[in-house]
Amino acid sequence: MSSRRSRSRHSASSRITDEQINELISKLQTLLPEARLHTNDRATAAKVLQETCSYIRSLHREVDDLSERLSELLETTDNNSAQAAIIRSLLM
């Protein structure tokens, strides 16, 4: 029974408040490009989270595309050149 009480105390002390959630949602909203979410409209938390996930997925796609372009550029570059070394460092 003591382990049950200690778990209960731990979960109560580690809970996040509604105020903290609202603050975090507001911070996320400021990180989104304005085209994705109009800052003058008060968006719901669900909408902010949905748009944040969508934005992160688009950033992942962009990173993948840029990595692919760098790889293609590396193939056309002299392997011993300074430019090739820079490209390799960007791909790591």
Side-chain angles (χ1 to χ4, degrees):
M1 195 132 121
S2 80
S3 68
R4 187 179 289 169
R5 268 190 239 146
S6 65
R7 267 189 272 149
S8 175
R9 283 185 199 139
H10 181 270
S11 64
S13 66
S14 64
R15 285 192 182 140
I16 189 167
T17 66
D18 287 346
E19 184 179 322
Q20 290 170 316
I21 290 172
N22 289 336
E23 184 179 324
L24 292 169
I25 293 294
S26 293
K27 286 179 181 179
L28 276 176
Q29 189 173 5
T30 64
L31 295 173
L32 293 174
E34 289 197 32
R36 290 199 169 271
L37 202 58
H38 304 293
T39 54
N40 56 354
D41 296 338
R42 193 70 190 147
T44 64
K47 181 70 172 170
V48 172
L49 292 173
Q50 182 181 36
E51 290 298 325
T52 301
C53 290
S54 178
Y55 183 53
I56 290 171
R57 279 192 294 275
S58 74
L59 290 174
H60 278 287
R61 282 191 300 272
E62 189 173 343
V63 167
D64 290 343
D65 291 345
L66 290 172
S67 294
E68 186 176 324
R69 288 172 59 190
L70 282 171
S71 294
E72 290 169 358
L73 183 59
L74 185 59
E75 289 175 7
T76 64
T77 305
D78 177 19
N79 280 339
N80 297 322
S81 70
Q83 184 180 18
I86 292 169
I87 295 171
R88 278 192 294 277
S89 72
L90 292 171
L91 287 170
M92 295 185 145

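In what follows, every heavy atom counts, from backbone to side chain, and hydrogens, waters and symmetry copies are set aside.
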- [ ] Kindly work out whether a path of hydrophobic side-chain contacts (I/L/V/M/F/W/Y, heavy atoms less than 4.5 Å apart) joins Ile86 to Leu91.
- [x]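 Yes, one cluster joins them.
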Task: Same apolar cluster: Leu28 and Leu24, side chain cutoff 4.5 Å - done: yes
Looking at [X] and [Y], would you say the former's side chain and the latter's main chain have a donor-acceptor pair under 3.5 Å?
{"X": "Ser67", "Y": "Val63", "result": "yes"}
{"X": "Ser54", "Y": "Glu51", "result": "no"}
{"X": "Arg88", "Y": "Asn79", "result": "yes"}

Task: Test side-chain contact (heavy atoms from CB on, under 4.5 Å) applied to Ile56 and His60, step by step - done: CA-CA 6 Å; Ile56 290 171; His60 278 287; 3.5 Å; yes
Task: CG (Asp18) with more than 12 external heavy atoms under 6.0 Å - done: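 Check fails, neighbour count at 12 or below.
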- [ ] Please say whether more than 12 non-hydrogen atoms of neighbouring residues, nucleotides or ligands are located less than 6.0 Å from CD in Glu19.
- [x]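 Atom CD in Glu19 is not packed in, count stays at 12 or less.
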Open item on the list: Ignoring hydrogens, what is the shortest heavy-atom contact between Leu31 and Tyr55? Give both atom names and the distance.
Closed with: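 Looking at all heavy atoms of both residues, the closest pair is O-CE2, 4.1 Å.
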Task: Closest heavy-atom pair and its distance - Gln20, Thr17 - done: OE1-N, 2.8 Å
Hey, could you give me the [atom1]/[atom2] distance between [X] and [Y], rounded to the nearest 0.5 Å?
{"X": "Glu23", "Y": "Ile21", "atom1": "CD", "atom2": "CD1", "answer": "11.5 Å"}
{"X": "Leu90", "Y": "Leu74", "atom1": "CG", "atom2": "CG", "answer": "10.5 Å"}
{"X": "Leu70", "Y": "Thr77", "atom1": "CG", "atom2": "OG1", "answer": "9.5 Å"}

